[in-house]
2 protein chains.
Amino acid sequence: MSVRLTRAGEYAVRCVLCLARRGRGELVSRKEVANEADIPGQFLAKIAQQLARQGVIEILQGAGGGYRLLAEPNHITMLEVIETIIGEISLNDCVVRPASCENSGLCAVHQVWCQAQEQLRDHLRGVTFADLLAEEDKLLHS
Amino acid sequence: MSVRLTRAGEYAVRCVLCLARRGRGELVSRKEVANEADIPGQFLAKIAQQLARQGVIEILQGAGGGYRLLAEPNHITMLEVIETIIGEISLNDCVVRPASCENSGLCAVHQVWCQAQEQLRDHLRGVTFADLLAEEDKLLHS
DNA sequence: TGATATAAGACTAAGTATATCTTAATTATC
DNA sequence: GATAATTAAGATATACTTAGTCTTATATCA
Ligand code: SF4
Ligand code: SF4
């Protein structure tokens, strides 16, 4: 059941990956992204706004507007994109807010969660969108 | 926001840890566990039933009844206890149900999720309740 | 039999996720 | 400047999940 990415987080990754395929600075309309990445248009708008606030993408308004990637794909990590949308990844409340459990100072389980969480975050921090594009290429030509 | 343990999962770990402290085979009433581990009584009942079905603990009904650990603490892993309650840990739908996304066969992101998920599960599989007890002991005497 | 304790399922309330709808603001082009 | 295209922002809606309680039945001990 639990411990899973939200739909919005998944869409954010798809959106950035879609823009990364066109290359940094390339302008792509929301409709194009929505179609290509299979994201509900209005929902994509919300997600894109968050990515823009974080500085991952830039949004151009008005006719002929759209989205474009601000940074190079090899400088954008999956962790960054995901946490922009869903907040800091947290396996258990007490990891992010130790005060939520009075026991957290002396709890062996707490330490396990902290370690597991950082391992997971490190893993995602180690994957850039350039990596994803390269891997995608490999998958297509095999 | 997301990617976090549920309350029920947290309670399950507390419950098993509480029983492990008393030692395998020791009978402890639900009320005692609920008090010691700070778990709502009726909610604990549900969780214990699931743990019993999985064979982690045994439940004795009737007057003088309660819970007892069936296996040795060093044979019970955090992963086992948690997944008994919340189902298989899954970072993204497509990992557990590849059919949920038509793209999963050629998706580089999909692979990342699969790897990250297995890394996380391996981590939790590597922690037994004997480990937790030992660590707890260290924390208390330092 | 009566007291104690858990079983099992229905039920509830609150929170979260996943959008959509509406109105407004921005920009390009004619 | 008018019009069309495009995104912004906030309100709203729906469904799902979580977290927990309530009730009735069942099992055990003394
Ligand atoms: S008991 Fe330990 S793991 Fe559970 S919430 Fe408290 S600190 Fe965290
Ligand atoms: S696009 Fe890739 S990561 Fe996203 S759901 Fe589909 S297979 Fe999974």
Side-chain angles (χ1 to χ4, degrees), chain A residues 1-15 19 27-35 37-54 56-68 82 84-93 97 100-101, chain B residues 1-15 19 27-35 37-54 56-68 82 85-93 96-97 100-101:
Chain A
M1 279 299 228
S2 219
V3 189
R4 68 164 40 124
L5 187 68
T6 63
R7 208 81 189 126
E10 159 72 19
Y11 288 157
V13 173
R14 286 194 205 175
C15 169
L19 295 178
L27 189 64
V28 189
S29 78
R30 188 179 78 188
K31 198 175 294 182
E32 269 185 281
V33 175
N35 281 337
D38 197 23
I39 306 172
Q42 302 264 44
F43 199 12
L44 172 57
K46 302 294 178 194
I47 293 164
Q49 282 160 34
Q50 293 183 74
L51 290 171
R53 261 178 246 132
Q54 178 72 12
V56 177
I57 69 174
E58 183 185 22
I59 302 180
L60 299 188
Q61 284 195 53
Y67 306 147
R68 64 159 58 123
I82 290 163
T84 293
I85 305 301
I86 68 174
E88 183 177 345
I89 285 177
S90 159
L91 297 181
N92 199 353
D93 252 347
R97 299 187 306 119
S100 72
C101 179
Chain B
M1 279 295 232
S2 220
V3 190
R4 66 164 40 124
L5 187 67
T6 63
R7 209 78 190 129
E10 160 71 21
Y11 288 157
V13 173
R14 285 193 207 175
C15 169
L19 295 177
L27 189 64
V28 189
S29 77
R30 188 178 78 187
K31 199 175 292 183
E32 268 185 280
V33 176
N35 282 336
D38 198 22
I39 306 173
Q42 302 264 43
F43 200 11
L44 172 56
K46 302 293 179 194
I47 293 163
Q49 283 160 35
Q50 293 183 74
L51 290 172
R53 260 177 246 133
Q54 178 72 13
V56 178
I57 69 173
E58 183 186 22
I59 302 181
L60 299 188
Q61 283 196 53
Y67 306 146
R68 66 158 58 119
I82 291 163
I85 305 301
I86 67 174
E88 184 178 344
I89 285 176
S90 159
L91 298 181
N92 199 354
D93 251 347
V96 177
R97 299 187 306 120
S100 72
C101 180

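Model, not experiment: these values are computed from the prediction. The chains referred to below are lettered A, B, ... by the order of the sequence lines, with proteins before strands, and numbering in each begins at 1.
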Participant: Here's a test of your reading of the structure: between A:Leu60 and B:Ala52, which maps to the more 5' nucleotide of DNA chain C?
Facilitator: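 On the 5' side of the pair lies B:Ala52.
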Participant: Let's see if you get this right: which residues in residues 28-35 of chain A place a heavy atom under 4.0 Å from DNA chain D?
Facilitator: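 Residues of residues 28-35 of chain A that come under 4.0 Å of DNA chain D are, in numerical order, A:Ser29, A:Arg30.
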Participant: Check the distance between C:dT4's C1' and B:Ile59's CD1 and give it to me in whole angstrom.
Facilitator: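 The answer, rounded to whole Å, is 16 Å.
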Participant: What is the separation between atom CG on A:Leu51 and atom C1' on D:dT7, rounded to the nearest whole Å?
Facilitator: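 One finds 15 Å between C1' of D:dT7 and CG of A:Leu51, rounded.
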Participant: Using every non-hydrogen atom in the two residues, find where A:Ile47 and A:Ala8 come nearest and quote the distance to one decimal.
Facilitator: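 Reported closest heavy-atom pair: CD1-O, 3.8 Å.
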Participant: Report the residues that fulfil salt bridge (Lys or Arg N to Asp or Glu O under 4.0 Å) with B:Arg14, sequence neighbours left out, ordered by chain and then residue number.
Facilitator: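 B:Glu10.
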Participant: Can you find a pair of side-chain heavy atoms, one from B:Leu44 and one from B:Cys15, that are under 4.5 Å apart?
Facilitator: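 B:Leu44 reaches B:Cys15 side chain to side chain.
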Participant: Assign a letter to each nucleotide of nucleotides 20-27 of chain D from its 5' end: B, base within under 4.0 Å of a protein heavy atom; S, sugar-phosphate only; -, no contact.
Facilitator: SBBB--BB
Participant: Got a sec, which residues hit ring pair (Phe, Tyr, Trp, His ring centres under 6.0 Å) with B:Tyr11, two or more places apart in sequence or on another chain?
Facilitator: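 Scan of B:Tyr11 (ring pair (Phe, Tyr, Trp, His ring centres under 6.0 Å), adjacent residues dropped) gives B:Phe43.
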Participant: Write down the atom of A:Ala45, the atom of A:Tyr67, and the distance for their closest heavy-atom approach.
Facilitator: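 The answer is CA-OH, 3.7 Å.
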Participant: Salt bridge (Lys or Arg N to Asp or Glu O under 4.0 Å) with B:Arg53: which residues, sequence neighbours excluded?
Facilitator: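 Result, salt bridge (Lys or Arg N to Asp or Glu O under 4.0 Å) vs B:Arg53: none returned.
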Participant: Roughly, in whole Å, what's the span from CD in B:Glu58 to C1' in C:dT6?
Facilitator: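 Atom CD in B:Glu58 sits about 13 Å away from atom C1' in C:dT6.
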Participant: Hey, does the side chain of B:Gln49 come within less than 4.0 Å of C:dT6's phosphate (OP1/OP2), counting only N and O?
Facilitator: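 No, no such contact exists.
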Participant: Take atom CZ of B:Arg68 and atom P of C:dA5, then tell me their distance rounded to the nearest Å.
Facilitator: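 The distance from CZ of B:Arg68 to P of C:dA5 comes to 16 Å, rounded to the nearest Å.
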Participant: Please report, rounded to the nearest Å, how far the C1' atom of C:dT16 is from the CD1 atom of A:Ile86.
Facilitator: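 Spelled out: CD1 on A:Ile86 to C1' on C:dT16 is 13 Å.
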Participant: Taking only residues two or more places apart in sequence, or in another chain, which ones meet A:Arg30 in a salt bridge (Lys or Arg N to Asp or Glu O under 4.0 Å)?
Facilitator: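 By the salt bridge (Lys or Arg N to Asp or Glu O under 4.0 Å) rule, A:Arg30 matches no residue at all.
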Participant: To the closest 0.5 Å, what do you measure between CD1 (B:Ile86) and CZ (B:Arg7)?
Facilitator: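 Going from CD1 on B:Ile86 over to CZ on B:Arg7, the span is 14.0 Å.
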Participant: Taking all non-hydrogen atoms of both residues into account, name the closest pair between A:Gly41 and A:Ala34 and its distance.
Facilitator: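 Of all heavy-atom pairs spanning A:Gly41 and A:Ala34, the closest is CA-CB, 4.2 Å.
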Participant: Nearest-Å distance, CD1 (A:Ile57) to P (D:dA8)?
Facilitator: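 Rounding to the nearest Å, CD1 of A:Ile57 and P of D:dA8 are 8 Å apart.
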Participant: Rounding to an integer number of Å, can you tell me how far A:Leu44 CG sits from D:dA9 P?
Facilitator: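 Roughly 14 Å, once rounded to whole Å.
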Participant: Let me know the distance between CD1 of A:Ile85 and C1' of C:dA19, rounded to the nearest Å.
Facilitator: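 Interatomic distance, CD1 of A:Ile85 to C1' of C:dA19: 15 Å.
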